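Read the structure below first, then the notes.
Just so we're clear, the structure is a prediction, and the values are computed from it rather than from any experiment. All chains are named by letter (A, B, ...) in the order of the sequence lines, taking the proteins before the strands, and each is independently numbered beginning at 1.
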There are 2 protein chains.
Amino acid sequence: MMKLRRDVFQAIADPTRRTIISLVALQAMTPGAIAGEFDFSRQTISKHIQILTECEILKQEQTGREIYYHLNPEKLKTIADFIEPYRKMWDERFDKLEAIMKDQPKST
Amino acid sequence: MMKLRRDVFQAIADPTRRTIISLVALQAMTPGAIAGEFDFSRQTISKHIQILTECEILKQEQTGREIYYHLNPEKLKTIADFIEPYRKMWDERFDKLEAIMKDQPKST
DNA sequence: ACAAAATGCAATCATTTGACTGCGTAAATT
DNA sequence: AATTTACGCAGTCAAATGATTGCATTTTGT
């Protein structure tokens, strides 16, 4: 059980884990606090946290007996990098931004 | 088997399906042609295509006995929308673009 | 009309997933 | 020192996943 096949794409496939990400993005939270937001058992949530931690989407920070988990947003870049090439196929705003970039060649 | 839990996040969780997406992004392809790019059986690939089609990442276009599958990039926006709030936490370039946007209030 | 080609559909099977309960351990509280 | 609190780890189990093979169906080509 729990092979090392875990990657970021697999991690965000689960809706509960996506919710955990959105919670922890606002502030670091303990497993107990996170579990309190769901109807699942603490251990179930704990396992989700473990999966997110394994692929480094979450980082731990222990203080006494409490462990605070906070988001490591950089890891989500993997997803963004996958999406990026397709973005320009739909995102008009992105095209507009690109145009602005071209119009401002030496802006910095 | 194959419940209706299929969503876009689940669809892109599989590496084979991500490769299929990248292939079809370049040009519409038939299942046979797609399968030819992998070492898996044709039916295995066919099933992946089915999953991608079910959640509308791929669209069919039948011509005779051949079915061309092409990418529906809009569906990937779901993923982008999830990532977007976290993007500004890592993407320096994005911040720069935002700054430029602010500096150019009436640019269009 | 018949054979070949391009697909989809069904059945099967090992593995993974996501939920659960129970237990162990370390830190805080009394 | 004993109890409570906050965790993690191990085991279990039903369901989902991802692969397979075999067969049916429709279109194309001879």
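- DNA chain D is contacted by both Gly32(A) and Phe40(B); Gly32(A) maps to the nucleotide lying nearer its 5′ end (nearest heavy atom per residue).
- Distances shown here put every side-chain N or O of Ser41(B) at or beyond 4.0 Å from the OP1 or OP2 atom of dA19(D).
- Relative to the side chain of Arg42(A), the nucleotides dA27(C), dA19(C), dG8(D) differ in distance, and dG8(D) lies closest.
- In this model, the phosphate group of dA19(C) is approached by a side-chain N or O of His48(A) to a distance below 4.0 Å at OP1 or OP2.
- In this structure, of dG8(C), dG8(D), dG18(D), it is dG8(C) that holds the atom nearest to the side chain of Gln60(B).
- Listed nucleotides: dT7(C), dG22(D), dC9(D). Nearest to the side chain of Gln43(B): dG22(D).
- Within the nucleic acid shown, Tyr69(A) comes within 4.0 Å of sugar-phosphate atoms alone, with no base atom in reach, counting heavy atoms only.
- OP1 or OP2 of dT17(C) has at least one side-chain nitrogen or oxygen of Arg6(A) nearer than 4.0 Å.
- Atom CD1 of Ile12(B) is separated from atom P of dG18(D) by 13 Å (rounded to the nearest Å).
- Using a 4.5 Å cut-off on side-chain heavy atoms (C-beta onward), Phe38(B) and Thr19(B) make contact.
- In this structure, the CD1 atom of Ile34(A) is 9 Å from the P atom of dC7(D), given to the nearest Å.
- In this structure, Ile49(B) atom CD1 and dG18(D) atom P are separated by 15 Å, rounded to whole Å.
- Neither OP1 nor OP2 of dT25(C) sits under 4.0 Å from any side-chain N or O of Arg65(A).
- Side-chain contact between Asn72(A) and Ile57(A) is absent, with no heavy atoms from C-beta onward closer than 4.5 Å.
- For dT20(D), one of the phosphate oxygens OP1 or OP2 lies less than 4.0 angstrom from a side-chain nitrogen or oxygen of Thr44(B).
- Gln10(A) has its CD atom 11 Å from the P atom of dT16(C), to the nearest Å.
- No side-chain N or O of Gln60(A) forms a donor-acceptor pair with one of Tyr68(A) less than 3.5 Å apart.
- In this model, the phosphate group of dC7(D) is approached by a side-chain N or O of Thr30(A) to a distance below 4.0 Å at OP1 or OP2.
- Between the CD1 atom of Ile67(B) and the P atom of dT25(D) there is a distance of 16 Å, rounded to whole Å.
- Atom CZ in Arg17(B) sits about 8 Å away from atom P in dT17(D), given to the nearest Å.
- Residues Ile34(B) and His48(B) have side chains not in contact (no heavy-atom distance under 4.5 Å, counting atoms from C-beta outward).
- The residue Ser46(B) sits close only to the backbone: its heavy atoms come under 4.0 Å of sugar-phosphate atoms, none of a base.
- When side chains are defined from C-beta on, Ile83(A) does not count as touching Ile83(B), because their heavy atoms never get closer than 4.5 Å.
- Two residues are said to be in side-chain contact when any heavy atoms from C-beta on lie closer than 4.5 Å; Ile79(A) and Tyr86(B) fail this criterion.
- One atom, CD of Glu54(B), and another, P of dG18(D), lie 12 Å apart when rounded to the nearest Å.
- Put simply, OH on Tyr68(B) is 13 Å from C1' on dT7(C), counting in whole angstrom units.
- In this model, the phosphate group of dC7(D) is not approached by any side-chain N or O of Gln62(A) to a distance below 4.0 Å at OP1 or OP2.
- Mapped onto DNA chain C by nearest heavy atom, Ile45(A) and Glu66(A) fall at different nucleotides, with Ile45(A) at the one closer to the 5' end.
- Checking dA11(C), dC20(C), dG18(C) against the side-chain heavy atoms of Lys47(B) singles out dA11(C) as nearest.
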